[in-house]
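Ligands are counted one by one from 1 in listed order, and the atoms in each one are counted from 1 as well.
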Amino acid sequence: MREGSLEAPTRHPLDWQNESFYDEGAVEKELARIFDICHGCRRCVNLCTAFPTLFDLIDASATLEVDGVAKADYRKVVDQCYLCDMCYMTKCPYVPPHPWNVDFPHVMLRAKAVKFKKGQVAFRDKLLTSTDALGKLAAIPVVAQTVNALNRNSAARSAMQGALGVHKDRELPPYAPRKFRAAAAPSAAFAQKDGANTPGKVALFATCYVNYNEPAMGHDLLAVLAHNEIPYVIVEKEGCCGMPKLELGDLESVARLKAINLPPLAQLARNGYAILTPVPSCTLMFKQEIPLLFPDDPDVQAVQDAMFDPFEYLVLRNRDGLLKKDFTQALGNVSYHIPCHSRVQNMGQKTRELLEMIPGTKVTTVERCAGHDGTWGVKTEYFESSMKIGRPVFRLMADATPDWISSDCPIAARHIRQGMGAQASAAQKAHPLTLLRKAYER
Ligand code: SF4
Ligand code: SF4
């Protein structure tokens, strides 16, 4: 048997509609098989808390092997995994096509799906992952103001921790009084200029986060497109991309959301639009996770092919000779964090590449997991772990004495800003799209 694989990793589709996918005995057997390989390897020990939890269980067992760990304790490992995919994409030499066929995140996902199917998921977790429903309710203007005020009130936050298990110290994103999709400026009638690498017109999938929490990011992206004379449309109808439900193991809800999102997106893809989503987890959902859940669906394939991260699109636009570089504002020192869900898209560091084109701008790139994930770092029981995982990121971001703290993932950026505390000094938090718009300002 060869040690490690030299071939490019491939990923097997998930057979999640087959009853055997939920066979608890089979899942435990597969967990034990993969845990045993990981025990012999231990390369991922510092990636997250799932691996240290596993290795501590093995090291405390009577046999010092996986067979000494109680099956009931496997869940302790599963609960620590927030499906960032970093172990699979950046560390593991035993991923397919290696015959050991180690896909740690996917066996975690399968175990989460079993747990969900057995009804062993807390009300809190179902609520936090209902981003679209929560956003619709909380973004009603007067409700938004009340929710935002309560989120800043320590007594209300203590009550929320007791009742819901949302850690009282976690800084939560505010809800915007005006939703992005309702306020988005229509595109000017620019002529469509296709490039060799990029379609010359864009459809924007806004995402729940931009729509309800940080509409400014979406407006900044539209301003950047307008500056580059790229015509755009806002996707007519959208629901949550499904990533929060995927992370919960609620695959039926992922399928329900896919049924809402895919028909209009596939139509746009077939009509020659580049589809952009400004949140990396949502982009990854359409590029990778939905295709692995629905490998034979032609709509899914069409959307996968048309989907771009915004900076991936803009850098390719530059390669096509169609990006304006008439920057007028220097940005100074930017501490930029590349989130896991951008890294695992295998597209390179496109945001860094573009920000470095701006004169008078020094970009310090931090390429480590910040430890928040969508909802994981919000939960009372994982808040401390999420701050601990993020500590090296907070330090590296502060070491560059930044003017700006930035990450493609707005949730990670908020978490990093919180973790940096006084170390952030006078640095401001801004999304890379906001920085790019600023650099173009007249
Ligand atoms: S997917 Fe991410 S959180 Fe899960 S085990 Fe791998 S590195 Fe850890
Ligand atoms: S996931 Fe792969 S690299 Fe990581 S500990 Fe397991 S076998 Fe080793």
Side-chain angles (χ1 to χ4, degrees), residues 1-12 14 27 30-59 65-66 69 73-113 115 243-244 246-249 280-281 284-285 288-289 292 338-346 367-379 381-390 392-393 409 411-412 415:
M1 183 72 64
R2 197 174 64 230
E3 169 70 12
S5 183
L6 296 175
E7 281 127 286
T10 52
R11 223 149 185 200
H12 299 309
L14 282 157
V27 177
E30 180 63 356
L31 283 167
R33 184 186 78 81
I34 290 185
F35 285 173
D36 194 44
I37 296 170
C38 293
H39 166 45
C41 164
R42 300 206 172 202
R43 207 174 297 226
C44 292
V45 69
N46 61 356
L47 274 187
C48 63
T49 45
F51 291 99
T53 302
L54 170 63
F55 302 144
D56 286 352
L57 285 167
I58 295 170
D59 295 345
E65 299 291 341
V66 174
V69 177
D73 282 343
Y74 288 5
R75 184 167 295 175
K76 293 179 180 165
V77 180
V78 174
D79 286 347
Q80 295 293 328
C81 172
Y82 40 83
L83 300 179
C84 72
D85 272 355
M86 291 302 287
C87 51
Y88 186 94
M89 297 302 284
T90 69
K91 286 267 186 207
C92 190
Y94 309 122
V95 300
H98 190 282
W100 287 358
N101 190 23
V102 174
D103 188 334
F104 200 94
H106 273 181
V107 76
M108 296 289 110
L109 175 61
R110 193 173 168 196
K112 286 173 193 284
K115 186 177 162 186
M243 182 61 93
L246 181 87
E247 290 174 353
L248 195 61
S281 301
L284 183 69
M285 195 67 193
Q288 179 179 289
E289 304 297 356
L292 287 170
I338 176 163
C340 303
H341 282 176
S342 293
R343 290 176 68 189
V344 300
Q345 286 178 44
N346 268 341
E367 201 182 13
R368 285 182 75 119
C369 179
H372 187 292
D373 182 60
T375 57
W376 192 79
V378 164
K379 298 173 189 172
E381 66 273 32
Y382 303 127
F383 173 75
E384 292 303 340
S385 292
S386 82
M387 298 309 275
K388 188 173 163 205
I389 294 168
V393 175
C409 174
I411 297 169
H415 165 64

- Message: So Asp103 and Val95, do their side chains get closer than 4.5 Å, heavy atoms only?
- Response: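 The answer is no, as the side chains (C-beta and beyond) never meet within the 4.5 Å cut-off.
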- Within a strict 4.5 Å, meaning less than it, do heavy atoms of the His98 and Pro93 side chains meet?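 No; the side chains remain at least 4.5 Å from each other.
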- Message: Atom NZ of residue position Lys76 - does it have more than 12 heavy atoms of other residues, nucleotides or ligands inside 6.0 Å?
- Response: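 Atom NZ in Lys76 is not packed in, count stays at 12 or less.
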Protein residue, atom and distance nearest to [atom], heavy-atom basis:
atom: atom 6 (Fe) of ligand 2; value: Cys38 SG, 2.3 Å
atom: atom 7 (S) of ligand 2; value: Tyr94 CD1, 3.6 Å
atom: atom 2 (Fe) of ligand 2; value: Cys92 SG, 2.3 Å
atom: atom 3 (S) of ligand 1; value: Tyr82 N, 3.4 Å
atom: atom 4 (Fe) of ligand 2; value: Cys44 SG, 2.3 Å

- Message: Any N/O/S atom, side chain or main chain, of Cys81 closer to atom 2 (Fe) of ligand 1 than 2.8 Å?
- Response: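 Not a single backbone or side-chain N, O or S atom of Cys81 is under 2.8 Å from atom 2 (Fe) of ligand 1.
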- Task: Determine whether any heavy atom of Tyr88 lies closer than 4.0 Å to an atom of ligand 1.
- Result: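 It does not, in that no heavy atom of Tyr88 comes within the 4.0 Å cut-off of ligand 1.
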- Out of Arg368, Lys91, Arg343, which one pairs with Met86 under the side-chain contact (heavy atoms from CB on, under 4.5 Å) rule?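 That would be Arg343; it is the only one of Arg368, Lys91, Arg343 passing the side-chain contact (heavy atoms from CB on, under 4.5 Å) with Met86.
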Numbered atoms of ligand 1 (with element) below 4.0 Å of [X], judged on heavy atoms:
X: Cys48; result: 3 (S), 5 (S), 7 (S), 8 (Fe)
X: Phe104; result: 5 (S)
X: Asp85; result: 1 (S), 2 (Fe)
X: Cys87; result: 1 (S), 5 (S), 6 (Fe), 7 (S)

- Query: When the aromatic ring centroids of Phe104 and Phe51 are compared, is their separation below 6.0 Å?
  - Reply: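 Yes - the distance between ring centres of Phe104 and Phe51 falls below the 6.0 Å cut-off.
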- Query: Could Lys379 and Asp79 be called an ion pair, given the rule that one side-chain N must be under 4.0 Å from one carboxylate O?
  - Reply: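 So Lys379 does not pair with Asp79 through a salt bridge.
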- Query: Short list, please: which atoms of ligand 2 are under 4.0 Å from a heavy atom of Pro93?
  - Reply: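 Counting from 1, the qualifying ligand atoms are 3 (S).
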- Message: Please list, in number order, the atoms of ligand 2 under 4.0 Å from a heavy atom of Cys41.
- Response: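 Checking each atom against Cys41, I get 3 (S), 5 (S), 7 (S), 8 (Fe).
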- Query: At what distance, to the nearest 0.5 angstrom, does CD of Glu381 lie from CH2 of Trp376?
  - Reply: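 Nearest 0.5 Å value for the CD-CH2 distance: 9.0 Å.
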- Item | Between CD on residue Glu367 and OG1 on residue Thr90, distance to nearest 0.5 Å |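 So the CD of Glu367 and the OG1 of Thr90 are separated by 8.5 Å.
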- Verdict with supporting geometry, Tyr74 and Phe35, ring-ring contact (aromatic ring centres under 6.0 Å, His included): CA-CA 9 Å; Tyr74 288 5; Phe35 285 173; 5.2 Å; yes
